[in-house]
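Only one structure is covered here, and it is reproduced in the block below.
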Protein chains: 2
Amino acid sequence: MDDAPRSDALVDATAAAIRARIMSGDIPIGAQLRQAELAKTLGVSRTPVREALRQLQTGGLIEVVPHRGAVVRVPAPWDVRETYEVRAELEGLVCERAVPRITRDGLDDLRKANEALRPGAIRPDGSSTVANDSFHTLIHGIAGNERLARVIKEINEAFPRNVSALVLQDNPRHREDNFAEHERIITALAADDAETARREMQAHVISAGEQLARWYERRSATVFRG
Amino acid sequence: MDDAPRSDALVDATAAAIRARIMSGDIPIGAQLRQAELAKTLGVSRTPVREALRQLQTGGLIEVVPHRGAVVRVPAPWDVRETYEVRAELEGLVCERAVPRITRDGLDDLRKANEALRPGAIRPDGSSTVANDSFHTLIHGIAGNERLARVIKEINEAFPRNVSALVLQDNPRHREDNFAEHERIITALAADDAETARREMQAHVISAGEQLARWYERRSATVFRG
DNA sequence: CACTGTCTTGTTGGATCCAATATTAGCGCA
DNA sequence: TGCGCTAATATTGGATCCAACAAGACAGTG
């Protein structure tokens, strides 16, 4: 399901573990990643850690300087905006492709996924991220272009995502917007209106990107103070 | 200019060297990449080779199976088509962004770049690939979204490119089409017509992808015979 | 008191060693 | 003769060792 059963188990698992700890905020943005420490924590030798870091570096999540080691990349707001412009374009394509391919069941699944994001709904902590992801993942599946899904996934992995979840959780207003935008997308898909579906999705992603960029702006303003 | 002065010199150089040899066809599609052999050829130890292979694997150019080593990925035609659909969308966005940003000088540069691709022109072997690349690179620069350029670059590195050059060189007809498509894009850019520029670029990339996919189809038909 | 040069220390990078595993050749048996 | 099992071999994966390098501490000097 991932992709293909390629590569070693260990280094991929190691990479996934490190990525998860960065995404979840366990390892904060800007933190140094010491190979020996990671190796000890994860119970493996330095070798797989090194290769895992190399993978993450290629993905753009961390930065490596020659003899000083790896740090979690601190994204600049303009970088976030640029990235989300790209993602918006691709997700727009996803919607366009989804229109002629979606079934009644597919629509139901989407409605159900979004229902979990309804502002009033009670939900355990962190589940909104999962639900949000599943909404997009569902459409990616319907669109039926694996490469497209993969590129979007890679783009998403370029930034720590927990902040995205924080944005949604912190601000009830954003939650409402998010839910409504999903609704509009579903409506357009149901109406077989490819053009609208694309536009709504683009706006949705741009909006999410803007929130994320603002979050990083506030963050850097706070952090670089002291 | 690359990106940032990140990472080690050696492993990046190694990765670049291996990638270059794959792209140029020196190492053919489907070939096995033995670490020891690469290490000896490149005059380094196995360690940087391993990390370089890891990078290439993340990029999708090679495939690694646990205890059997790495092979140059053999792209399926449908994969090529999917990928080029994504790339077409992104290059379309590039053109759309380029329209409000392009200057008279920028247009001149593009015309000059395409002039090198004029069907009648005499040119040294392999220069058409370079000229073709520079045409796209120029527009990427004008569009002014680094992430966008980077994603497209990564997508391009997913397949051996030499075949793309072969497609163009083998078939005079395709060369003419290629040149004419570039011309139409330039015209639309000069006319400040974002919509047309996008559409023309999309069509251009899709067409190139179709040629490449066909090439792979013919190739697999030939190879899997014996 | 400030500045500079050196030394110490910690961390990464590269090489090599050993273990794990997949492939293949060879052998025996039906 | 063909099939299956076993053993040899080749290749990758993981661990460890040593060298290279960068950052910081400290002392000495202007």
Side-chain angles (χ1 to χ4, degrees), chain A residues 2-19 21-22 27-74 224 226, chain B residues 2-19 21-22 27-74 224 226:
Chain A
D2 263 346
D3 239 342
R6 61 176 189 182
S7 184
D8 325 81
L10 228 187
V11 23
D12 274 358
T14 306
I18 298 174
R19 175 182 288 125
R21 295 187 53 185
I22 293 175
I27 299 176
I29 299 169
Q32 285 212 23
L33 302 169
R34 268 175 288 272
Q35 295 180 352
E37 187 182 330
L38 288 172
K40 212 184 90 189
T41 304
L42 301 174
V44 294
S45 164
R46 264 186 59 208
T47 310
V49 171
R50 277 163 69 171
E51 298 187 27
L53 290 178
R54 196 65 66 186
Q55 272 189 228
L56 297 181
Q57 178 213 358
T58 307
L61 185 62
I62 67 175
E63 224 163 330
V64 179
V65 277
H67 273 267
R68 292 195 310 182
V71 295
V72 181
R73 223 167 70 96
V74 183
F224 295 152
Chain B
D2 264 343
D3 239 342
R6 59 175 191 183
S7 182
D8 325 83
L10 229 188
V11 22
D12 274 358
T14 308
I18 299 175
R19 174 183 288 125
R21 294 187 54 185
I22 293 175
I27 300 176
I29 298 170
Q32 287 213 21
L33 301 169
R34 268 175 289 271
Q35 296 180 354
E37 187 182 331
L38 287 172
K40 213 184 89 188
T41 304
L42 300 175
V44 294
S45 165
R46 264 185 58 208
T47 309
V49 171
R50 278 163 68 172
E51 298 187 27
L53 290 179
R54 196 65 65 186
Q55 273 190 227
L56 297 181
Q57 177 214 359
T58 306
L61 185 61
I62 67 175
E63 222 162 331
V64 178
V65 278
H67 273 267
R68 292 195 309 184
V71 296
V72 181
R73 225 167 70 96
V74 183
F224 295 151

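Just so it is clear, the structure is predicted and the values come from calculations on it, not from any experiment. Per chain, numbering begins at 1; letters A, B, ... match sequence-line order.
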### Query
Which listed nucleotide (C/dA22, D/dC21, D/dG14) is nearest to the side chain of B/H67?
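Within the option list, the nearest is C/dA22.
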### Message
Could you measure the distance from the CD atom of B/E51 to the CZ atom of A/R54? Nearest 0.5 Å is fine.
### Response
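Atom-to-atom, B/E51:CD and A/R54:CZ are 4.5 Å apart.
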### Query
If you measure from CZ on A/R34 to NZ on A/K40, what distance do you get to the nearest 0.5 Å?
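Rounded to the nearest 0.5 Å, the CZ-NZ separation comes to 12.0 Å.
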Let me know the distance between [atom1] of [X] and [atom2] of [N], rounded to the nearest Å.
{"X": "A/E63", "N": "C/dT12", "atom1": "CD", "atom2": "P", "result": "16 Å"}
{"X": "A/E37", "N": "C/dG10", "atom1": "CD", "atom2": "P", "result": "14 Å"}
{"X": "B/L10", "N": "C/dT12", "atom1": "CG", "atom2": "P", "result": "18 Å"}
{"X": "B/R34", "N": "C/dA22", "atom1": "CZ", "atom2": "C1'", "result": "14 Å"}
{"X": "B/Q55", "N": "C/dG13", "atom1": "CD", "atom2": "P", "result": "12 Å"}
{"X": "B/K40", "N": "D/dT11", "atom1": "NZ", "atom2": "C1'", "result": "15 Å"}
{"X": "B/R68", "N": "C/dT21", "atom1": "CZ", "atom2": "C1'", "result": "11 Å"}

### Query
Would A/L53 and A/L38 satisfy side chain to side chain contact (heavy atoms under 4.5 Å, CB included), going step by step from the backbone distance to the final call?
CA-CA 10 Å; A/L53 290 178; A/L38 288 172; 4.3 Å; yes
### Query
Any side-chain heavy-atom pair from B/I22 and B/I62 closer than 4.5 angstrom?
yes
#### Entry: Contact check, side chains of A/D12 and A/Q55, non-hydrogen atoms, under 4.5 Å
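SC-SC contact between A/D12 and A/Q55 confirmed.
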### Task
Only counting residues at least two apart or in another chain, list the ones meeting side chain to side chain contact (heavy atoms under 4.5 Å, CB included) with B/R68.
B/V65
#### Entry: A/R21: partners by side chain to side chain contact (heavy atoms under 4.5 Å, CB included), with sequence neighbours left out
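Checked A/R21 against side chain to side chain contact (heavy atoms under 4.5 Å, CB included); matches are A/D26, A/I27, A/T41.
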### Query
Which of residues 45-52 of chain B sit near DNA chain C, with a heavy atom under 4.0 Å from it?
B/S45, B/T47, B/P48
#### Entry: Contacts of A/R46 that satisfy salt bridge (charged side-chain N to carboxylate O under 4.0 Å, His left out) - sequence neighbours left out
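Residues passing salt bridge (charged side-chain N to carboxylate O under 4.0 Å, His left out) with A/R46: none at all.
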What are the atom names and distances for every N/O pair under 3.5 Å that joins the protein to nucleotides 5-7 of chain C?
none

### Task
Assign B/L53 to base, sugar-phosphate, or nothing according to its heavy-atom contacts below 4.0 angstrom with the strands shown.
nothing
### Message
Suppose we screen for side chain to side chain donor-acceptor pair (under 3.5 Å). Which residues come up paired with B/R73, at least two apart in sequence or across chains?
### Response
B/D79
### Task
May I ask you to evaluate whether B/Q32 reaches the phosphate of D/dT11, defined as a side-chain N or O under 4.0 Å from OP1 or OP2?
no
